Amino acid sequence: MLSSNAFVDPGKMKDYHYTGPVEHRFSPYSFNGGTVLAVAGEDFAIVASDTRLSEGYSIHSRDSPKCYKLTDTTVIGCSGFHGDCLTLTKIIDARLKMYKHSNNKTMTSGAIAAMLSTILYGRRFFPYYVYNIIGGLDEHGKGAVYSFDPVGSYQRDTYKAGGSASAMLQPLLDNQIGFKNMEGVQHVPLTQDKAVQLVKDVFISAAERDVYTGDALRVCIITKEGISEQTVPLRKD
Amino acid sequence: PQASNVHALMSEHTVPLPFPMSHGTTTLAFLFQGGVLAAADTRSSCSGLVACPASQKIRPIHSHLVGTTSGTSADCALWKRILSRELRLYQLRHGRRLSTSGAGGGASADLGGTSGGLQKASPSSSGPGLWYVCSDGTRLRGSLFSVGSGSPYAYSILDQGVRWGLTVEEATSVAREAVYRAAHRDAWSGNCVDVYHVTSKGWTRRKREDLKEEYYREKGRQGR
């Protein structure tokens, strides 16, 4: 049970339309846009994000990727409020180091996911406004994707889209990777090349229809050989 | 640290949230001669978006105790973890499992500022027990409960079909039907149905069933 919808109040947009007298409270949150996507295969995982950082009608940066490498087998994608994304990744990095020093081994993807859930819930009454998706390899070398809501509810999936264009991408992934809502179709297992191509196509579509998604796409492919990155240009308008 | 401010927090957040939480569900449980039956849908919605069509709303707490969840999923997940931990500690310290009523008491004491209803179903030494626990502290013992936005629809099926003397197959069929009807009419319930059966030997789980198929089967039966 996850809440992955981007809430419809992105910062200063209301000021452009006069709706009557309204009380302005300071909001500690701001919405910086961006879309993140993760796919798990048989022996690989892909985490991809666009690189646009926006606020209201402005773009702060065209080169701000939302995938962060955590370990050699795990990458996290965070979208939502950029300030909370940065702090959260710093906290996760610190906790990974602490674990490594105490237990003399690297945290597994499943352990990182469980830890992130408790970190997020620790702020239940002043949440991190971040939509997280973790992609990586589990202890058996199979691809794993863990998707979260802002207060820490999580589960393991095969594929998940998060962020501003998630509502557009998720049905497309359900159809193309999950073979849902189709009759009489052969379920072919997803190869790495097909998955990468699908991710690129899906982001190109997202950039067409979502204003907060665009500029460039960063794809991180996680296999037992390591993490390889690719950057693909997207629409800049 | 939040205890002193529980009332303010229960009604609203001190900081206005920019996103909605996910909730909306149909869960039900009832006692009958064969033990306890619990059923739930699997849709996790978030104000209009189906955030997850395959969530697990009935989670086993231990071999003989099963809990259903409704409300904010993160809160429910936390409850279950705390409850499982406390029950396991009790079991290790006292050498026997805590009764359902005790587990219910423990659960309600831990809540504050969260939202959700939980039903706990298990057979204990005194027979099967069913408790409804709510985040405002309500703790009710009963023989039939349904929680969630789809509960009115489920109640109509359950009130008509649940009797003490049901066989396991009949009880499963009633529970499934109740979730199916609720899923059909309630926008925030749907996708699949999970059914768990708890007896003195432990819980067993029926394979998750997609309700879309059931809808078309019924259409076929009616010859439309």
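Residue numbers start from 1 in every chain, and the chains themselves are labelled A, B, ... in the order their sequence lines are given, proteins ahead of strands. Remember, predicted model here, so these are calculated numbers, not experimental data.
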Participant: Looking at A/R209, I'd like to know if its CZ atom is crowded, meaning that more than 12 non-hydrogen atoms belonging to other residues, nucleotides or ligands lie closer than 6.0 Å.
Facilitator: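 Open.
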Participant: May I ask you to check whether over 12 heavy atoms, not counting those of A/K180, lie within 6.0 Å of atom NZ?
Facilitator: yes
Participant: Can you list the steps and then say if A/Q170 with B/V50 is a side-chain contact (heavy atoms from CB on, under 4.5 Å)?
Facilitator: CA-CA 10 Å; A/Q170 191 64 34; B/V50 176; over 6 Å; no
Participant: For a quick test of reading the model, state the closest non-hydrogen atom pair linking A/K160 to B/A51 and the distance between them.
Facilitator: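 Scanning both residues completely, I find the closest heavy atoms to be NZ-O, 2.8 Å.
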Participant: With salt bridge (charged side-chain N to carboxylate O under 4.0 Å, His left out) as the rule and sequence neighbours excluded, what pairs involving residues 183-197 of chain B come up?
Facilitator: B/D194-B/R205, B/D194-B/R208
Participant: Please step through side-chain contact (heavy atoms from CB on, under 4.5 Å) for the pair A/R124 and B/L78, ending with a clear verdict.
Facilitator: CA-CA 11 Å; A/R124 169 67 173 80; B/L78 176 83; over 6 Å; no
Participant: Take atom CZ in B/R81; do more than 12 heavy atoms of anything else shown fall under 6.0 Å from it?
Facilitator: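 It does not: B/R81 CZ has 12 such atoms or fewer within range.
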